[in-house]
Trainee: 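Shown below is the structure under consideration.
Numbering of ligands and ligand atoms starts at 1, following listing order. Since this is a predicted model, take the numbers as computed values, not measurements.
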Amino acid sequence: MKERPVVPREEMLRQQEFMKLVCSQDQRPHSYHIVSMGCQMNERDSESIAGMLEQMGMVHAPVREDADLILYNTCCVRENAENKALGNVIWLKELKKVKPELMICVGGCMTQEKGMAAMMKARYPFIDLVYGTHNLYRLPEYVYRVLTQKRPVVEVVDTDGEIVEGMPEKRRNRFNAFVNIMYGCNNFCTYCIVPYVRGRERSRTPEAVIAECVRLQDEGAQEIMLLGQNVNSYRGGGAEFAELLQRIDRLGIPRIRFMTSHPKDLSDELIHAFGELKHLMPQLHLPVQAGSNEILRRMNRSYTREHYLDLVRRLRAVCPDIGLTSDIIVGFPGETLEQFEETMSLVRQVRFDAAYTFIYSPRKGTKAATYPDDTPYAVKSERIQRLIDLQQAIALEVLEAQVGKRETVLVEAVSTRDSHWVAGKTPRGHMVNFAGDPSLIGRFADVEITSAGRNTLRGRIINPEG
Ligand code: SAH
Ligand code: SF4
Ligand code: F3S
């Protein structure tokens, strides 16, 4: 992977000047609301966006309609993600009629799609700002231009993107943090639009990543999630991902997780890290996508079913309790019933803790969008339902096998079902609900698992500081 230039410090200082300039405007937005769609990369970007908007003098408005500035951080990985983003934006047109001073901003992966910005400019002139994934750090300058020029700004750049260091940020909480280690993707799986909208792979230096982890640790981080489209191909300053993990492990942050791993690049060193590193949690998201070699080949995944199953075997040999999760696509163009059955049999064999299942969605500009696809949608729906049913039955069995165990849980939030309950994750990544006080949030608790539900566990607290 090529080393990529870092956006110069002068440019970041220039953006800081724009933040001050926005603050000094009389008629500026005072509050903001961000709608973050898509994956963790977008969530992490939204934390930087929130940081920049706050430095422009705005406060967070929990209710979208109350905000002076609404920003959509969009996703386009499947057609329904794109439709959702566009549907939401069109709805804002109505809001703007009653609130003309509202500033509407749209950015993220969807706006980076070829032709999308021009289409939005022509069809949705009520949008004040459209920017892409590569120029997010220039948001302060764009907001300033919208305010002073009093006309929309549409700016999506086609460069592959540089590394941006030192953006402001407002993290979702202090105990559980996302850390980007790389951006972009070079894999060009034939169904996937991500390489087109996120650009080529580029890694942050280990020094930049470690410095961020140390700062987060000082601020109280108990768990960090390292992020990249394919963390296994991380190459920062000559270091490989397994080396980076070792260095982060030595910092002593209690919990480390990472995502996403590509099976073709999962190295022996990384497999062994699950047996050796003290703080690396026994959980791995390792998307298999399909169980048929022919489909995997046409997806350009560069591994076989046998290779994947061998990885699973080796991971479980070093870490018997590892929780494996996956993404699976059903109805890839030309998928036969037999090929789908191979996915079913792989799922039976691996026994994932959880799997995110998707019906294949053609994305313009990708190779698979040109492949003939004669399977009716109804057949694809039937297949995915069978897969969901199978995976749910397996997940329930996996969860039931946890009953009776004592687990250390990092409490994350008040439970969605009962305000006297809290919820948090076990090392393996299972969500546990148990009766407890909100003051436990951000802390560890020792919990005995008492029962299993469809997707989560229930437990009883043993002591509040595990
Ligand atoms: N980098 C990650 C995944 C990013 S996209 C990886 O390599 O695994 C998240 C998931 O969306 C993918 O794993 C895939 O299962 C799914 N996906 C991507 N493009 C899709 C498409 N065109 N149709 C259906 N699902 C898709
Ligand atoms: Fe998409 Fe494949 Fe890259 Fe993942 S590895 S982001 S699925 S192209
Ligand atoms: Fe969506 Fe972009 Fe993530 S397309 S899945 S938000 S990288």
Side-chain angles (χ1 to χ4, degrees), residues 1 34-46 49 72-85 106-114 116 132-134 136 161 178 180-202 226-234 258-266 284-291 295-296 298-303 308 324-333 335 343 352 354-371 373 377 380 383-384 387:
M1 187 194 308
I34 300 169
V35 181
S36 199
M37 300 166 156
C39 65
Q40 285 87 350
M41 315 277 158
N42 262 15
E43 268 188 66
R44 177 68 194 96
D45 283 347
S46 291
I49 296 167
Y72 277 88
N73 193 9
T74 60
C75 171
C76 58
V77 75
R78 284 169 292 276
E79 195 185 358
N80 55 4
E82 194 172 305
N83 288 344
K84 190 172 152 196
V106 187
C109 294
M110 183 183 79
T111 52
Q112 191 70 41
E113 267 183 86
K114 208 163 175 241
M116 183 57 86
T133 55
H134 301 313
L136 164 66
F178 290 137
N180 273 127
I181 63 164
M182 59 178 296
Y183 304 91
C185 181
N186 287 355
N187 289 315
F188 290 95
C189 301
T190 54
Y191 51 81
C192 185
I193 199 166
V194 171
Y196 301 91
V197 294
R198 286 273 175 179
R200 295 294 64 72
E201 278 178 0
R202 49 208 187 272
L226 305 173
L227 294 180
Q229 290 298 349
N230 177 13
V231 292
N232 307 126
S233 55
Y234 172 85
F258 59 85
M259 74 185 298
T260 296
S261 289
H262 194 305
K264 80 174 162 62
D265 299 316
L266 194 74
L284 180 63
H285 185 58
L286 191 65
V288 67
Q289 310 295 359
I295 296 288
L296 287 171
R298 289 201 288 121
M299 285 178 163
N300 190 30
R301 289 292 285 180
S302 313
Y303 56 84
Y308 188 90
L324 296 173
T325 57
S326 185
D327 294 342
I328 299 171
I329 296 177
V330 172
F332 186 76
E335 181 195 67
T343 296
F352 293 110
Y356 305 92
T357 52
F358 311 104
I359 291 187
Y360 167 74
S361 167
R363 305 282 59 214
K364 217 162 112 199
T366 63
K367 207 165 170 196
T370 64
Y371 293 175
D373 186 0
Y377 195 80
K380 295 187 181 191
R383 286 182 192 168
I384 201 170
L387 179 61

Trainee: At less than 4.0 angstrom from any atom of ligand 2, which residues have a non-hydrogen atom? List them by chain and residue number.
Mentor: C185, N187, F188, C189, Y191, C192, V194, P195, Q229, H262, R301
Trainee: Using modelled atom types and a 3.5 Å cut-off, is there a donor and acceptor pairing between side-chain atoms of T343 and backbone atoms of G291?
Mentor: yes
Trainee: Can you tell which part of I329 has a heavy atom less than 4.0 Å from ligand 1: side chain, backbone, both or neither?
Mentor: side chain
Trainee: Would you say R298 and K367 make side-chain contact, with heavy atoms under 4.5 Å?
Mentor: no
Trainee: Using a strict cut-off of less than 4.0 Å between a Lys/Arg side-chain nitrogen and an Asp/Glu carboxylate oxygen, indicate whether D45 and R198 qualify as a salt bridge.
Mentor: yes
Trainee: Check whether any N, O or S atom of C109, backbone or side chain, sits closer than 2.8 Å to atom 2 (Fe) of ligand 3.
Mentor: yes
Trainee: Answer yes if the ring centres of H285 and F258 are under 6.0 angstrom apart, and no otherwise.
Mentor: no
Trainee: When only distance counts, is Q289 in polar contact with ligand 1, meaning an N/O pair under 3.5 Å?
Mentor: yes
Trainee: Pull out every atom of ligand 3 sitting under 4.0 Å from any heavy atom of N42, numbered as shown with elements.
Mentor: 6 (S)
Trainee: When you compare the side chains of K264 and N232, does any donor N or O come within less than 3.5 Å of an acceptor on the partner?
Mentor: no
Trainee: Going by the atom numbers of ligand 3, which of them fall below 4.0 Å from some non-hydrogen atom of Q229?
Mentor: 7 (S)
Trainee: Applying a 4.0 Å heavy-atom criterion (strictly less than), which segment of I359 is in contact with ligand 1: side chain, backbone, both, or neither?
Mentor: backbone
Trainee: Which option wins on minimum heavy-atom distance to atom 21 (C) of ligand 1: G331, S361, P195?
Mentor: S361
Trainee: Relative to atom 8 (O) of ligand 1, which among A355, A368, A290, P287 owns the nearest non-hydrogen atom?
Mentor: P287
